[in-house]
Amino acid sequence: MTRYIFITGGVVSSLGKGLLSASLGALLQARGYSVRLRKLDPYLNVDPGTMSPYQHGEVYVTDDGAETDLDLGHYERFTGVSSRQSDNITSGRIYQTIIQKERRGDYLGGTVQVIPHVTDAIKEFTLAEQDGIDFILCEVGGTAGDIEAMPFMEALRQLSIDLGRGRSIFVHLTLVPYLAAAGELKTKPTQHSVRDLRSIGIQPDILVCRSEHAIPDSDRRKMSLYCNVPETSVISALDVSTIYEVPVSYHKEGLDVEVLKAFGLAHSSEPDLSQWEDIIDRIKNPEGEVTIAVVGKYTGLKDAYKSLNEALAHGGIANKVKVNIQWFEAEVFEREDAIEQLVDVDAILVPGGFGKRGTEGKIAAAKFARERSVPYFGICLGMQMATIEAARNLAGVSGAGSTECEEQTNPVVGLITEWVREDGSVEQRTSETDLGGTMRLGAYPAKLKDGSLVAKIYGKTDIEERHRHRYEVNIGYVKQLEEAGVSFSGMSPDGTLPEIMELPDHPWFIGVQYHPELKSKPFQAHPLFASFIEAAIKQSRLV
Ligand code: GLN
């Protein structure tokens with residue numbers, strides 16, 4: 001029997017609902033239960049794929065090619081369960097489906113309404129693909145009381161009745177602010193937010209209260225009384241120094257026990273949290289540190305590079321070192337003398353990105369890394385820029401560039417218009433195709449060259465990694481580049497798409513067309529990130 005945990009938020013956004021969901025998932029797993037996590041997003045975009053990273057942080061990509069909310073990245077990192085297209089829904093997608101059906105005449109002359117049509121579609125999505133899993137955790141985006149979130153709240157309210165007693169609970173995350181002038185924590189915003197929920201028929205079973213100070217028993221009692229939840233179900237969530245401490249910290253506050261109690265399940269045994277304790281120990285007691293320069297474009301908002309940040313931290317966990325990230329706006333390096341700012345870093349990473357702005361700065365960073373033998377990791381756009389740099393300066397391809405930036409006489413990176421999926425189907429597009437959902441998206445296999453650095457790092461020659469890009473290194477230039485010393489050590493199985501480039505004469509220079517950061521976990525760093533940090537440690541000993 002699959003049970004549902006609905007997670008809502010109140011008072012303000014950014015309280016860490018995604019981390020709460022992911023951590024609760026991890027705690028239930030540590031008790032031997034299977035879990036799956038879902039995100040219900042009230043906004044009207046069909047998916048976040050077309051949103052600027054500044055609007056909505058990183059776009060997380062699943063194996064099955066969905067462009068999703070970054071919270072799905074947290075879910076995967078904390079539980080190790082691969083997310084699917086069916087784990088993220090937006091109002092936009094729901095309305096798109098309903099309106100398409102309406103146009104087809106599927107509603108047989110009926111009036112199409114939010115209740116029941118939109119709410120039914122949300123319920124259908126929430127109930128889909130249960131696969132015998134013990135707990136499905138559904139996080140609702142936004143904050144209780146938002147107009148946009150109403151259909152979702154209503155659908156979940158109905159669902160809790162449809163599922164029957166003991167099959168679902170509501171967990172509500174709120175803020176208990178500290179007023180310095182009064183020297184007090186304030187519970188009123190929480191009371192109001194729960195009142196909002198109760199006015200639409202939702203009674204939270206558990207309250208999780210984010211606050212900067214421990215919640216005194218008197219405040220706990222007050223919230224219990226006014227919000228109609230047992231006193232033990234008022235859980236306090238204090239700030240912790242690393243996100244990987246959150247599961248253990250929620251366990252200490254009794255969250256998992258309260259959840260099991262709310263379902264009437266046995267809760268006397270202790271979960272096995274050893275893997276989390278080991279991670280916390282490695283983070284808190286590093287044996288050294290390295291500094292990595294990340295040369296990007298959206299460096300003003302760290303959420304824009306969420307998975308990348310985490311994957312670098314995982315590389316640090318694997319090597320027991322602290323990883324300091326120094327952010328650089330790529331455009332800065334378009335001024336020639338600026339490049340010397342990179343002399344003190346132990347390694348350079350150029351992440352994914354879109355559009356022309358900053359590309360010449362990224363090319364300059366790749367050149368610096370190549371010439372000075374500094375470890376270089378290029379991801380997606382970072383791989384394309386490193387290839388262009390090698391084409392210009394090693395292979396003598398004058399004016400080498402990417403057609404993403406402008407028309408090229410030497411399009412070393414170009415738009416591909418046709419490619420084969422693993423199931424043999426052919427995907428096609430033109431430069432006129434819609435921007436949403438038309439990139440090479442999701443997991444694709446690649447074959448690695450025996451004896452290459454990447455084959456050594458992965459410990460195998462068949463890999464599968466997640467993609468999200470429109471442009472590719474042009475196969476027409478591969479021979480010329482290889483003659484100049486670039487090794488294309490990873491190719492698509494049909495040999496037409498270069499997936500990895502490396503420089504065999506360099507200590508660590510790897511560019512990958514895919515996004516390895518999306519598959520990295522704290523308890524199992526992605527091999528490329530573990531190896532990159534190891535290379536940075538070696539470099540730090542040289543400097
Ligand atoms: N803009 C490049 C492309 O579309 C790279 C994309 C990325 O880095 N994710 O191919």
Side-chain angles (χ1 to χ4, degrees), residues 47-54 56-63 65-68 70 73 294-299 303-309 311 330-331 348-363 365-366 376-389 391 400-408 411-419 427 429-444 446 465-475 477 490 492 496-501 510-520 526 528:
D47 61 44
T50 54
M51 274 192 250
S52 152
Y54 276 130
H56 206 257
E58 139 189 297
V59 174
Y60 190 76
V61 181
T62 59
D63 277 332
E67 296 177 277
T68 71
L70 55 76
V294 176
V295 181
K297 180 171 169 182
Y298 320 103
T299 54
D303 267 1
Y305 297 110
K306 189 83 216 155
S307 296
L308 180 75
N309 266 320
E331 265 177 308
I348 297 169
L349 190 150
V350 177
F354 292 83
K356 182 178 161 91
R357 184 169 70 80
T359 47
E360 287 302 321
K362 291 174 187 179
I363 291 172
Y376 177 88
F377 195 2
I379 295 179
C380 209
L381 187 66
M383 176 261 201
Q384 297 173 355
M385 294 305 115
T387 308
I388 289 171
E389 192 280 316
S402 165
T403 50
E404 183 174 8
C405 303
E406 57 224 339
E407 263 188 49
Q408 302 289 335
V412 168
V413 175
L415 181 74
I416 62 153
T417 51
E418 192 174 293
W419 70 97
E427 291 258 1
R429 66 184 164 199
T430 70
S431 53
E432 304 300 315
T433 311
D434 284 354
L435 289 183
T438 55
M439 285 186 263
R440 184 147 83 100
L441 283 169
Y444 282 86
E465 294 280 5
R466 296 184 194 169
H467 291 248
R468 180 173 184 254
H469 54 103
R470 232 172 235 109
Y471 300 83
E472 308 272 353
V473 170
N474 189 336
I475 186 79
Y477 290 90
S492 59
T496 60
L497 302 173
E499 301 276 20
I500 305 175
M501 60 85 79
I510 294 176
V512 296
Q513 184 58 79
Y514 48 82
H515 289 275
E517 72 275 23
L518 300 176
K519 295 217 308 197
S520 188
H526 189 288
L528 284 173

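First listed ligand is number 1; within each ligand, the first listed atom is number 1.
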Does a side-chain heavy-atom distance below 4.5 Å link [X] with [Y]?
X	Y	result
Thr359	Glu404	no
Tyr60	Arg466	yes
Arg468	Val59	yes

Please lay out, stage by stage, how His515 and Ser307 fare under the test side-chain contact (heavy atoms from CB on, under 4.5 Å). CA-CA 9 Å; His515 289 275; Ser307 296; over 6 Å; no

Just list the side-chain donor-acceptor pairs under 3.5 Å for residues 377-384, sequence neighbours left out, or say none.
residue: Gln384; atom: NE2; partner: Tyr471; partner atom: O; Å: 3.2
residue: Gln384; atom: NE2; partner: Gln513; partner atom: OE1; Å: 3.4

Lys356/Glu406 salt bridge by N-O under 4.0 Å criterion: yes

Measuring from each atom of ligand 1, which residues have a heavy atom under 4.0 Å away? Gly352, Gly353, Phe354, Cys380, Leu381, Gln384, Glu404, Arg468, His469, Arg470, Tyr471, His515

